[in-house]
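The structure appears below as structure tokens.
Just so we're clear, the structure is a prediction, and the values are computed from it rather than from any experiment.
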Amino acid sequence: MTGGFEGPGAMPTPTPTTTPTAVVARVGALADRLGVPHTEVFDVGRLSAASGVPESVVAALLSGRPAGEPDVQTRFVQRLDLLRRTRLKPNGRKYTQQEIADGAGMSRQQAGALINGDRRPTMEHCDAIQRFFGVHAGFLTAEDPEALAGALQRTEQELLQQLADREREAAAAASDDPLERLLQDHGVRGIAWRAAQLPTDQHRDKVAEWLDMLLESVKRPES
């Protein structure tokens, strides 16, 4: 097979992309903050299915190692094969060449040639197949680092949403709890952190006495 995309809708030659290193660091930090295991957010199989990147390449890129880059047609065939293995019909079976052809608006012969790597795809082929399988634009064509970075960014957005939900829940709980409201209104948590920076136990004892006075001034609602 020869590299590149054919015809009027040919894909442009890919330009170098950034590595996913930065987003890996951000996702790791968010996971730590939320108490989510790294084995979950950096699960190689899940990221491979989400990005189309082979698992061995995902593992290499996550660790910061270069993993090479297939030519555009080889990448297309790899990604299409992954779609057929991971995006199954409701009965758990793979889509047939005829079903892909019908759904993507091409002949069975065209679909078979693309699946087998005997025909170079056009941009229109890629768009039609991506729509059929319900994946984002560029799934079949993005370079491996870019594809993995995109999958990690979607994970990052999910974690950010979890963090926002948690903070809203905490704020709601604080508004219902006089003790939490007092701590928030008087900046007690910040004061306690500053107290830890004081040089002697005498200084910290004075701050603790002041905090005790505040805490005694309210009572938690009876359960």
Side-chain angles (χ1 to χ4, degrees), residues 1-21 23-24 27 41-156:
M1 76 175 68
T2 56
F5 288 72
E6 68 173 14
M11 295 291 293
T13 301
T15 55
T17 57
T18 57
T19 64
T21 304
V23 68
V24 166
V27 168
V41 294
F42 297 123
D43 179 80
V44 170
R46 181 184 67 82
L47 289 172
S48 175
S51 65
V53 179
E55 290 190 15
S56 61
V57 178
V58 171
L61 292 173
L62 287 176
S63 65
R65 302 194 311 272
E69 184 68 42
D71 63 68
V72 288
Q73 188 176 359
T74 300
R75 183 164 61 242
F76 170 87
V77 172
Q78 288 177 346
R79 303 272 175 89
L80 181 51
D81 178 66
L82 183 142
L83 284 177
R84 296 190 72 204
R85 288 186 288 106
T86 60
R87 273 67 168 182
L88 304 175
K89 294 189 289 186
N91 64 7
R93 296 180 180 274
K94 287 184 180 180
Y95 286 98
T96 65
Q97 290 185 4
Q98 186 64 62
E99 289 168 332
I100 294 172
D102 293 342
M106 61 182 72
S107 70
R108 184 181 182 282
Q109 289 72 25
Q110 283 180 311
L114 291 168
I115 289 168
N116 295 325
D118 297 328
R119 177 170 183 169
R120 289 175 294 177
T122 65
M123 184 183 295
E124 286 75 17
H125 290 143
C126 294
D127 290 343
I129 293 171
Q130 285 164 174
R131 285 196 299 272
F132 172 74
F133 281 103
V135 294
H136 58 274
F139 184 96
L140 291 168
T141 57
E143 292 187 359
D144 288 344
E146 179 185 359
L148 179 58
L152 287 167
Q153 285 167 350
R154 289 187 286 278
T155 297
E156 181 182 20

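Remark: side-chain polar atoms of R108 are not paired, donor with acceptor, to backbone N or O of Q98 under 3.5 angstrom. For the pair R87 (side chain) and F132 (backbone), a donor-acceptor distance under 3.5 Å is absent. In this structure, the side chain of R119 does not engage the main chain of L114 through any donor-acceptor pair within 3.5 Å. In this structure, Q73 contributes its side chain and G117 its backbone to a donor-acceptor pair below 3.5 Å.
Here the closest non-hydrogen pair linking L148 and P20 is CD2-CG, 4.0 Å. The nearest pair of heavy atoms linking F139 to Q130 is N-OE1, 3.2 Å. Here the shortest heavy-atom pairing between N116 and Q97 reads ND2-NE2, 4.3 Å. For D43 against R46, the heavy-atom pair with the smallest separation is OD2-N, 2.7 Å. Across every non-hydrogen atom of C126 and T141, the tightest pair is SG-CG2, 3.7 Å. The minimum heavy-atom distance linking T86 with A49 is given by the pair CG2-CB, 4.4 Å.
Looking at heavy atoms from C-beta onward, I129 lies in side-chain contact with F76 at the 4.5 angstrom threshold. Side-chain contact between Y95 and K89: present, with at least one pair of heavy atoms (C-beta onward) separated by less than 4.5 Å. Taking the side chain as every heavy atom from C-beta outward, L47 and V53 never approach each other to under 4.5 Å. Side-chain contact between L152 and F42 is present, with heavy atoms from C-beta onward closer than 4.5 Å. R79 is not listed as a side-chain neighbour of L83, based on a closest heavy-atom distance of 4.5 Å or more. You'll find the side chain of V72 stays beyond 4.5 Å of the side chain of R120, heavy atoms only.
Interatomic distance, OG of S51 versus CZ of R154, reported as 8.0 Å (0.5 Å rounding). Taken to the nearest 0.5 Å, the CD atom of Q78 stands 11.0 Å off from the CG atom of L80.
With respect to K94 and D81, no salt bridge is recorded, no charged nitrogen being found less than 4.0 Å from a carboxylate O.
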Would you check, one step at a time, whether the test side chain to side chain contact (heavy atoms under 4.5 Å, CB included) holds for M106 with I100?
CA-CA 8 Å; M106 61 182 72; I100 294 172; 5.7 Å; no
